[in-house]
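Below: the structure, in structure tokens.
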Amino acid sequence: MKTTILVLFLVFAFTAPALAQRFSFGFQIIGLSIHLKKSKNKNLFKGKITHNGRVVVNGGILFTARYHANDYWGFQVSQALVARDCSGRFLGMTHVGVFGSKNNLFDTRNSFDVSFGPMFFYRQNWALLPGYVDEGLFKISNNQQWMTKFVWHGGMVSWRHQMEPNRFFQLDILPGFPELISLGPGMSFMQAVKQ
């Protein structure tokens, strides 16, 4: 057992610096939801900035960690924690996927990423709010406190602008077609990927 632990420690010690060069992380402020269809629950929207409830301000954070296999693709895990969703209640989203990158768009410091993979959404139960109309998007948990939705074919789109060698301004877009689009500006940090 001691030998196994020693071998694992040595493998990690020698590979960690190389692996660190392939990881990046970022955080974005989630702040804007654009509803593509008219909602039956617009009367519940707390932060709507349009009368019909199509554009709603909400507040949360999106964390993303990525492993870059090379300059063109890799794996990512994203976790959103939204303190105030459209109804003013807590919402979370977990995404695991594969991403593809196009760096130095048109010979500029801009890059574009697209991720694809499953997403799991969970939010405090809107059905407990007066006037809620079930639109069939979420399932209610057994304890009646949460609503959940699992999507196999989820994904995100990211645009990044390099500000410094390891720091980027980033805009993440969650295209939740045909219901909504969520926008999140923020920062991401990464080391250059060594081949």
Side-chain angles (χ1 to χ4, degrees), residues 23-67 75-99 113-160 168-189:
F23 278 98
S24 67
F25 67 94
F27 63 92
Q28 278 77 333
I29 307 257
I30 301 170
L32 196 63
S33 293
I34 302 167
H35 293 85
L36 303 175
K37 297 195 318 189
K38 186 176 180 180
S39 174
K40 297 176 182 175
N41 292 298
K42 69 177 184 178
N43 58 313
L44 301 178
F45 293 171
K46 302 290 185 192
K48 60 184 174 186
I49 58 176
T50 58
H51 177 69
N52 60 7
R54 292 286 178 106
V55 182
V56 181
V57 174
N58 38 47
I61 297 175
L62 174 69
F63 298 98
T64 300
R66 287 180 165 173
Y67 173 74
F75 302 97
Q76 82 174 42
V77 176
S78 298
Q79 177 63 56
L81 301 171
V82 181
R84 289 180 46 87
D85 69 1
C86 294
S87 75
R89 311 191 99 205
F90 176 80
L91 170 125
M93 182 277 299
T94 304
H95 169 52
V96 178
V98 176
F99 72 89
D113 299 346
V114 176
S115 70
F116 181 79
M119 290 182 149
F120 180 62
F121 297 87
Y122 42 96
R123 69 183 186 191
Q124 287 180 302
N125 190 355
W126 286 28
L128 301 175
L129 299 172
Y132 171 75
V133 177
D134 186 4
E135 297 180 285
L137 298 174
F138 286 82
K139 293 180 183 177
I140 297 177
S141 65
N142 290 336
N143 67 7
Q144 304 294 308
Q145 298 302 307
W146 296 94
M147 301 180 98
T148 61
K149 182 174 183 71
F150 184 80
V151 179
W152 279 107
H153 54 280
M156 294 180 4
V157 178
S158 302
W159 165 77
R160 286 192 319 277
F168 300 81
F169 171 77
Q170 183 163 327
L171 178 66
D172 279 2
I173 302 167
L174 179 100
F177 298 119
E179 300 300 323
L180 63 83
I181 296 173
S182 180
L183 303 176
M187 301 295 296
S188 61
F189 304 88

Exercise for review: May I have the step-by-step check of side-chain hydrogen bond (donor to acceptor under 3.5 Å, both in side chains) for Thr64 and Gln76, ending in yes or no?
Suggested key: CA-CA 7 Å; Thr64 300; Gln76 82 174 42; 5.0 Å; no

List the atom of [X], the atom of [Y], and the distance in Å for their closest heavy-atom pair.
X      : Y      : value
Ala80  : Ile30  : CB-CD1, 3.7 Å
Val57  : Ile49  : CG2-CG2, 3.8 Å
Phe45  : Val56  : CD1-CG2, 3.6 Å
Lys40  : Asn43  : O-OD1, 3.8 Å
His95  : Ser115 : NE2-OG, 3.0 Å
Trp126 : Cys86  : CH2-CB, 4.0 Å

**Study point:** Phe75/Phe99 aromatic ring centres below 6.0 Å
**Key:** no

Review point. Using the benzene-type ring in the case of Trp, are the ring centres of Tyr67 and Phe23 under 6.0 Å apart?
Key: yes

**Study point:** Check against ring pair (Phe, Tyr, Trp, His ring centres under 6.0 Å), Phe25 and Phe63
**Key:** CA-CA 7 Å; Phe25 67 94; Phe63 298 98; 9.7 Å; no

Check your understanding: Is atom CG of Asn143 surrounded by more than 12 heavy atoms (other residues, nucleotides or ligands) closer than 6.0 Å?
Key ->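 Correct, the count exceeds 12.
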
Side chains of residues 173-188: which donor-acceptor pairs under 3.5 Å do they make with residues two or more places apart or in other chains?
| residue | atom | partner | partner atom | Å |
| --- | --- | --- | --- | --- |
| Glu179 | OE2 | Lys37 | NZ | 3.1 |
| Ser188 | OG | Gln170 | OE1 | 2.8 |

Exercise for review: For the pair Tyr132 and Asn41, evaluate side chain to side chain contact (heavy atoms under 4.5 Å, CB included) and give the outcome as yes or no after the intermediate values.
Suggested key: CA-CA 6 Å; Tyr132 171 75; Asn41 292 298; 3.5 Å; yes

Check your understanding: Mind checking what makes side chain to side chain contact (heavy atoms under 4.5 Å, CB included) contact with His153, not counting sequence neighbours?
Key -> Phe116, Val151

Check your understanding: Who pairs with Phe150 by side chain to side chain contact (heavy atoms under 4.5 Å, CB included), at least two apart in sequence or on another chain?
Key ->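 In terms of side chain to side chain contact (heavy atoms under 4.5 Å, CB included), with neighbours along the sequence ignored, Phe150 is linked to Pro118, Phe120, Trp152.
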
Point to revise | Residues which pass salt bridge (Lys or Arg N to Asp or Glu O under 4.0 Å) with Glu135, listed by chain and number, not counting sequence neighbours | key: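 Salt bridge (Lys or Arg N to Asp or Glu O under 4.0 Å) check on Glu135 returns nothing, list empty.
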
Review point. Salt bridge (Lys or Arg N to Asp or Glu O under 4.0 Å) with Arg66: which residues, sequence neighbours excluded?
Key: Asp113

Check your understanding: Would you find a donor on one side and an acceptor on the other, under 3.5 Å apart, between the side chain of Asn125 and the backbone of Met147?
Key -> no

Check your understanding: Ignoring hydrogens and geometry, is there a side-chain-to-backbone donor-acceptor pair from Gln124 to Phe90 under 3.5 Å?
Key ->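 It does hold such a pair.
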
Study note, to complete from the structure: Output for pair (Met93 CE, Leu81 CG), nearest 0.5 Å, gives 9.5 Å

**Study point:** Value rounded to 0.5 Å, distance of CG in Leu129 from OG in Ser87
**Key:** 5.5 Å

Heavy-atom side-chain proximity of [X] to [Y] below 4.5 angstrom:
X      : Y      : answer
Phe168 : Trp159 : no
Met119 : Ser78  : no
Leu62  : Met156 : yes
Leu91  : Tyr122 : no
Lys38  : Arg54  : yes

Check your understanding: Does any donor atom in the side chain of Asp172 or Gln28 lie under 3.5 Å from an acceptor atom in the other side chain?
Key -> yes

Check your understanding: So which pairs with a foot in residues 80-91 pass salt bridge (charged side-chain N to carboxylate O under 4.0 Å, His left out), sequence neighbours left out?
Key -> none

